[in-house]
Amino acid sequence: MADILLAYKISEVESSLVTPEPQRRRPAPKRAPRRTELPLGEEIQAWSRPVQPVEDLDSVARRYPRRKLSLSSERKPMEFYDTPERPKAFSMDSLEFFFLIAQYFREALPLRLILLLIACQKAGGQIRLTQEEMATVLDVPRAKTNEALQEVMSHGIVFKVRRGVYQFNPPYSYRVAEFIPGTELVEAEYVQVDQEKTIVRIRRDESLPDLVRFPSLEHMREAIEELRKKRAEERAARRLARAQRKEEGSAQ
């Protein structure tokens, strides 16, 4: 009888220790992550092995120069400022224009000046530079700068608006928009001036030369062809002169 009572008490105690409520699993103790070095000579196998946490991408890039590492980051200064909400924050340049001026201008200064004017455009194609500033940037005398500027203007590439302000002819180069970063005192500003509006305004201004109002590069093409034809004739004349001198020498 005593055995039966003892077994009953043991069963009763065990039942009291079991609860009908679900029990949560105790989390396993955290282990320190394995810090496995990437094998320098086994790059393919390295992808299937655990690696140490990356703390400095520069050091990883130096150790594995053939791998491409990239992270999304803020916009770099040399990138175009262009988003769907604020498009065209850059300069549009005619490739045909570049192609022709590279052949037409035989001296470097006019080409350097054109590049400077392109770089200094504001939204709408205006250039706020004095001739003194142009000369300083290009490191040439002002007289040379003025001479090159007059030559550039004679082709309708750029025209003077007022003192210290010039306008690039929109079909050749035109800055559609620009983003002006803000400061502590001034908010950031996005300025956009459509090219078509500027072209219409220029064409309506009858005080401007026709080559400015109705730009054309045809005169440059003709001049290039004439120059090449002239040089070809000069080369042919020199070859003929050398041949004649050679014949005269043989006859003697």
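Among all heavy-atom pairs drawn from Val193 and Gly124, the shortest one is CB-CA, 3.8 Å. Shortest non-hydrogen contact noted between Met134 and Leu129 is CE-O, 3.7 Å. Between Ser94 and Pro171, the closest heavy-atom pair is CB-O, 3.4 Å. The minimum heavy-atom distance between Ile114 and Phe105, with the atom names listed, is CD1-CE1, 3.8 Å. When every heavy atom of Ala123 is checked against every heavy atom of Ala177, the shortest pair comes out as CB-CA, 4.0 Å.
Gln121 is listed as a side-chain neighbour of Ser91, based on a closest heavy-atom distance under 4.5 Å. Inter-residue side-chain proximity for Asn169 and Val158 is flagged as unmet; no heavy-atom pair is nearer than 4.5 Å. Residues Tyr104 and Leu227 fail the side-chain proximity criterion, which asks for heavy atoms closer than 4.5 Å. Residues Leu111 and Phe98 fail the side-chain proximity criterion, which asks for heavy atoms closer than 4.5 Å. A 4.5 Å side-chain heavy-atom check between Arg201 and Gln167 finds at least one atom pair inside the cut-off. Counting only heavy atoms from C-beta outward, the side chains of Asn146 and Glu151 never approach each other to under 4.5 Å.
A search for side-chain hydrogen bond (donor to acceptor under 3.5 Å, both in side chains) contacts involving Tyr166 returns nothing, not counting sequence neighbours. Residues meeting the side-chain contact (heavy atoms from CB on, under 4.5 Å) test with Ile199, sequence neighbours left out: Pro170, Gln195, Arg203. For Glu132, the salt bridge (charged side-chain N to carboxylate O under 4.0 Å, His left out) partners are Arg142, not counting sequence neighbours.
Hydrophobic clustering of Ile, Leu, Val, Met, Phe, Trp and Tyr side chains at less than 4.5 Å, counting indirect connections, keeps Phe179 apart from Ile118. Val176 and Tyr172 fall into different hydrophobic clusters, where Ile, Leu, Val, Met, Phe, Trp and Tyr are joined by side-chain heavy atoms under 4.5 Å apart, directly or via other members. The hydrophobic cluster containing Tyr174 does not contain Ile127, counting ILVMFWY residues as joined when their side-chain heavy atoms lie under 4.5 angstrom apart, directly or transitively.
Here the CD atom belonging to Glu107 is positioned 7.5 Å from the CD atom belonging to Glu147, to the nearest 0.5 angstrom. Atom-to-atom distance recorded for Ile101:CD1 and Leu217:CG is 9.5 Å, nearest 0.5 angstrom. The OG1 atom of Thr145 sits 8.5 Å away from atom CG of Leu149, with the distance rounded to the nearest 0.5 Å.
Sequence neighbours left out, the pairs with a member in residues 210-236 that pass side-chain hydrogen bond (donor to acceptor under 3.5 Å, both in side chains) are Glu96-Arg221, Gln103-Arg228, His155-His219, Glu218-Arg221.
More than 12 heavy-atom neighbours from other residues, nucleotides or ligands sit within 6.0 angstrom of CD on Gln150. No more than 12 heavy-atom neighbours from other residues, nucleotides or ligands sit within 6.0 angstrom of CZ on Arg163. Counting heavy-atom neighbours within 6.0 Å of Phe214 CZ, excluding the residue itself, gives a total above 12. Within a 6.0 Å radius of CG in Asp139, other residues, nucleotides and ligands contribute 12 heavy atoms or fewer. Dense packing is recorded around CG of Leu240, with more than 12 heavy atoms of other residues, nucleotides or ligands lying under 6.0 Å away.
No side-chain donor-acceptor contact under 3.5 Å links Arg128 to the backbone of Gly164.
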**Q.** Stepwise side chain to side chain contact (heavy atoms under 4.5 Å, CB included) check, Tyr190 with Ile180
**A.** CA-CA 6 Å; Tyr190 178 82; Ile180 305 174; over 6 Å; no
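Side-chain heavy-atom separations under 4.5 angstrom define the hydrophobic clusters, and the remaining members of the one that includes Val165 are Phe159, Val161, Ile202, Leu208, Val212. Other residues sharing the hydrophobic cluster of Leu211, ordered by chain and number and joined by side-chain separations under 4.5 Å: none, the residue standing alone.
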